[in-house]
Number of protein chains: 2
Amino acid sequence: MNNLIINIKVHEGLYLIDPQTTKLGRRIIEHSVRMIDEMGMECFTFGKLSKEINSAEPSIYRYFENKHQLFVYLLNWYWEWVAARINLNTMNIESAAKRLKIVLDVIADSAKKNSSIEFVDEEALHRIVVQEGAKAYHHKKVDANNKEGFFLAYKQLCEKIADLVLEINPNFPYPRSLASTLVETANNNLYFAQHLPRLTDVKDEENRLSQSVKDLLEYFCFGIIYAYDFTKNGKHEKTLLSLQN
Amino acid sequence: MNNLIINIKVHEGLYLIDPQTTKLGRRIIEHSVRMIDEMGMECFTFGKLSKEINSAEPSIYRYFENKHQLFVYLLNWYWEWVAARINLNTMNIESAAKRLKIVLDVIADSAKKNSSIEFVDEEALHRIVVQEGAKAYHHKKVDANNKEGFFLAYKQLCEKIADLVLEINPNFPYPRSLASTLVETANNNLYFAQHLPRLTDVKDEENRLSQSVKDLLEYFCFGIIYAYDFTKNGKHEKTLLSLQN
DNA sequence: TGTAAAAGATAGTAAAACTATTATTTTTTT
DNA sequence: AAAAAAATAATAGTTTTACTATCTTTTACA
């Protein structure tokens, strides 16, 4: 299992100076990931970060316009990294269903990691995505941010999943909604298992959490994709809709 | 279509003085809903609210410990209101599947409203739930808040849905995850249709948005519930799992 | 070696999130 | 109706955050 060097390219609108290209920039990434993971976005400030890296607050502002932009930068880095892992692990696989399963594996974080970039703690970053990710777009500036490309990586990932779904079942009516639901459901169930266990059936036990989430995603995903097509001996009848009453 | 008087009871840990019992309290609710809907949680402050209602900041602090507690109070009010509408609309219905469909109707906001409480704008509150709701539990104090009952209304609603799912299919393995996924998927697709349309298949057109979301929820929900049970002429075989490869 | 860009150091502003104090009004009790 | 209690209003103050301005020093590199 080699650790391949993957180069993560993050959208230009998400920084003033590309942090991956300078020493200070990489220190900002490294320590902001660790600090946000430890204290959460609310308590994390540029002031605290600058002390932690023995730098000055204005220096950080030369890389990122504000805390929110840094946050979105980190999320994009994560989704680009997920996309890279998906590409790497699916490139030689013929079956679309098998490729989709690998995607579910990666978004549930149960796939073997095969990249390591020294200044990014991907596990801490994944915890940030699970705990804080929804805040990236749940605010009043979402439309302005969207125009600036803040959510491109996430949207591209969902589109990739939607295309896979359509490859498996070209008649499926909700490929985009299914894609976003799968990603959100992965994060939610990981989070709920740890903090609001009555909202999930997966258990935070024995290091099997991400595998359980993957099983859940497969069950939901393939259930939805095939449900209305394979009832009654494969005839395309809306059998279920009549069974419901 | 009578407007029934429904009394919404919110968990005691969510306020210092019950705002529904005093004039100032009701003014706080009324104007905070309107202001949060207009400016979002980030821009909303107790200072601005106190000016708006010609009161003083410390007076508001005697009702709610802080902005976050007020926010969670409003969300709980909303989920209690949803639960009340569900109870009202399902009480005389025999079929569990029909009851579940009514639940989906209410959480997608496409059911006829049948309550009106003069000082709460339920449509504005629903927009707040869709746009800001996830922030209630995505932070580092989630466990402490959970112990204080901040999420009781939401968890009870999900449990009610999970019980309905089990009533329809007692063998279903993920009732809680399905329940939370349905509620989250309802909110997400309403939000995506308006702000991130590439993440959903429903369209924000012609006042049919909530009906489209309801159709989506039914498709996902009943697809998942029945998928693995009714393949191959109703035999309980894991046909789909073998079809996937 | 010289120049430009980056980084560091220091200081400052505006607003938010509270808290404390005191005065006034309203409500309740006797 | 008067006294006591509770709620509200008014004012002022503290700490922290988010951000800006300015100036000096260091580093990169041509």
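Reminder, nothing fancy here: chain letters follow the sequence lines and each chain counts from 1. Only heavy atoms go into these numbers, but all of them, side chains included; no hydrogens, no water, no symmetry mates.
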Novice: Taking the side chain from B/H195 and the backbone from A/H138, do they hold a donor-acceptor pair closer than 3.5 Å?
Specialist: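 Looks like no, no N/O pair under 3.5 Å.
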Novice: Tell me: NZ of A/K23 to C1' of C/dA6, nearest whole Å?
Specialist: 13 Å
Novice: What is the distance, rounded to the nearest whole Å, between atom CG of A/N54 and atom C1' of C/dA9?
Specialist: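 So the CG-C1' distance, A/N54 to C/dA9, works out to 13 Å.
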Novice: Quick one: does any side-chain atom of A/R27 pair with a main-chain N or O of A/I53 as donor and acceptor, under 3.5 Å?
Specialist: yes
Novice: Would you call the rings of A/F71 and A/H68 parallel, tilted or perpendicular if under 30° counts as parallel and over 60° as perpendicular?
Specialist: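 The arrangement is tilted - the two ring planes meet at 30° to 60°.
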Novice: Answer yes when B/E42 and A/K141 have at least one side-chain N-carboxylate O distance shorter than 4.0 Å, and no when they do not.
Specialist: no
Novice: How far apart are the C-alpha atoms of B/T200 and A/S177, what are their side-chain angles, what is the distance that settles it, and do they pass the side chain to side chain donor-acceptor pair (under 3.5 Å) test?
Specialist: CA-CA 4 Å; B/T200 184; A/S177 291; 3.0 Å; yes
Novice: Any chance you could measure A/R198, atom CZ, to B/E159, atom CD, to the nearest 0.5 Å?
Specialist: 4.0 Å
Novice: When you check the phosphate oxygens OP1 and OP2 of D/dA9, does a side-chain N or O of B/S59 lie under 4.0 Å from one of them?
Specialist: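 Checking B/S59 against D/dA9: at least one side-chain N or O falls below 4.0 Å of OP1 or OP2.
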Novice: Give me the distances for all protein-to-nucleotides 15-17 of chain C N/O pairs that come in under 3.5 Å?
Specialist:
residue : atom : partner : partner atom : Å
C/dA17  : OP1  : B/K67   : NZ           : 3.2

Novice: What is the separation between atom CG on B/L70 and atom C1' on C/dC18, rounded to the nearest whole Å?
Specialist: 15 Å
Novice: For the pair made of CD1 in B/I17 and C1' in D/dT8, what is the distance, rounded to whole Å?
Specialist: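 Checked: the CD1 to C1' distance equals 10 Å.
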Novice: Within the structure shown, what part of the strands sits under 4.0 Å from B/F64 by heavy-atom distance: base, sugar-phosphate, or nothing?
Specialist: nothing
Novice: Nucleotide by nucleotide, 5' to 3', does protein get under 4.0 Å of the base (B), only the sugar-phosphate (S), or neither (-) in nucleotides 22-30 of chain D, counting heavy atoms?
Specialist: ---------
Novice: Ignoring backbone atoms, establish whether A/S55 has a side-chain N or O less than 4.0 Å from OP1 or OP2 of C/dA7.
Specialist: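 Answer no for this pair, as no side-chain N or O of A/S55 is under 4.0 Å from OP1 or OP2.
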Novice: In whole Å, I'd like the distance from the CG atom of B/L49 to the P atom of D/dA9.
Specialist: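 So the two atoms are 12 Å apart, to the nearest Å.
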Novice: Which is more 5' along DNA chain D, the nucleotide nearest A/H68 or the one nearest B/A56? Just name the residue.
Specialist: B/A56
Novice: Could you give the CG-to-P distance, from B/L16 to D/dT8, as a whole number of Å?
Specialist: 12 Å
Novice: Using atom CZ of A/F71 as one end and atom C1' of D/dA18 as the other, report the distance to the nearest whole Å.
Specialist: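 Distance, rounded to whole Å: 17 Å.
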Novice: Taking ring-ring contact (aromatic ring centres under 6.0 Å, His included) as the criterion, tell me which of A/W77, A/W81, A/Y78 meets it with A/H126.
Specialist: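 Among A/W77, A/W81, A/Y78, the one that satisfies the ring-ring contact (aromatic ring centres under 6.0 Å, His included) with A/H126 is A/Y78.
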Novice: Starting from C1' on D/dA9, measure out to CZ on B/R27 and report it in whole angstrom.
Specialist: 13 Å
Novice: Do any N or O atoms from the side chain of A/R26 and from the backbone of A/Q20 form a donor-acceptor pair under 3.5 angstrom?
Specialist: yes
Novice: Would you call the rings of B/F151 and B/Y137 parallel, tilted or perpendicular, where under 30° means parallel and over 60° means perpendicular?
Specialist: perpendicular
